[in-house]
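Presented below is the structure to which this report refers.
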Amino acid sequence: MGAQLRVYKRRIRSVTATKKITKAMEMIAASRVVKAQRKVAASTPYATELTRAVTAVGTGSNTKHPLTTEAESATRAAVLLITSDRGLAGAFNSNAIKAAERLTARLESEGKAVDVYIVGRRGIAHYNFRERAIAQSWTGFTDEPSYADAKQVAGPLIEAVEKATADGGVDELHIVYTEFVSMMTQTAVDRRLLPLRLDEVATESSAASASGTSKGGVRPLYEFEPSAEDVLDALLPRYVESRIYNALLQSAASKHAATRRAMKSATDNAGELINTLSRLANAARQAEITQEISEIVGGASALADATAGSDN
């Protein structure tokens, strides 16, 4: 019984130490997710307005540009997958990887070759383990990404878009990341960055013309200096960088929220396990005490019988 009690006490100490660690990680993740949310809120308006500016140029001119023009027969696409450098975040990384694999399968079914670019050690490890090709990868900044990190990632992607397909360029650019919806909900999504979809804008303008009403009034006419193509050339890197930066921030906030939720679950499970082990340890100690009392009573009874026998 004594050995069993020592085993329970050792396990209780071990689980208690683990509980302290998971509780600390939960508190750290909770503080980081608040900062990440603020950065997401600060970056979203810029990315949105820049997209509107690009849309305005695209709809206001007939210039053919990789930013707004669909390729007649797209044969190659680039997919940027954003994961995290660290784990302990539940299904955060696996959901993003599965979304990227679904997107890759869909693009390949359309007859397009896919170049995969990855941010985060978890995604890189997944592809390396399965011996899949990676065009380029980045690590070390997934918890707190900066705009400089976004520019670093965007550089090779913009270069691939600007190149001809025969020279290793791509016709489309897609991004897969985890969108932060709330503290309890984070969703892995895929978005096509290039060419920019102008269908929604055109549909909205047509509907406004047909109804005779529009929030923005009559569609304005634009004059471009020096030319619409030069304006799009200037906006292309800014657009890609802002979208990637916003996606990095969204993923960082989602990762911290997922870590907080996973660590809270681990802390709660550790507490339940400690309670169970404590009950088992109490039962073992009670059994040990009962056995000792029984041995004492039995010894006293035997001694009394022996003494009575000697007196006779």
Main-chain N/O of [Y] paired with [X] side-chain donor or acceptor, under 3.5 Å:
{"X": "S278", "Y": "I274", "answer": "yes"}
{"X": "T22", "Y": "K19", "answer": "yes"}
{"X": "S254", "Y": "Q186", "answer": "no"}
{"X": "Q250", "Y": "F180", "answer": "yes"}
{"X": "D149", "Y": "S146", "answer": "yes"}
{"X": "N95", "Y": "T187", "answer": "no"}
{"X": "D171", "Y": "T75", "answer": "yes"}
{"X": "T185", "Y": "S182", "answer": "no"}

Exercise for review: Only counting residues at least two apart or in another chain, list the ones meeting salt bridge (Lys or Arg N to Asp or Glu O under 4.0 Å) with R106.
Suggested key: E110, D190
Point to revise | Qualifying ring pair (Phe, Tyr, Trp, His ring centres under 6.0 Å) pairs with a residue from residues 126-152, counting only residues at least two apart or across chains | key: Y147-Y245
Practice item. State plainly whether the residues R130 and E101 are in salt-bridge range, i.e. N to O under 4.0 Å. Key: no
Review point. Going by atom types alone, do R285 and N282 pair a side-chain donor with an acceptor below 3.5 Å?
Key: yes
Practice item. Mind checking side chain to side chain donor-acceptor pair (under 3.5 Å) for T142 and listing every partner two or more places apart, or none if nothing turns up? Key: D85
Exercise for review: State whether the number of non-hydrogen atoms from other residues, nucleotides or ligands found under 6.0 Å of K112 atom NZ is greater than 12.
Suggested key: yes
Is it true that [X] and [Y] fall in one hydrophobic cluster, defined by side-chain heavy atoms closer than 4.5 Å?
{"X": "V33", "Y": "L248", "value": "no"}
{"X": "Y239", "Y": "L80", "value": "yes"}
{"X": "I244", "Y": "I124", "value": "no"}

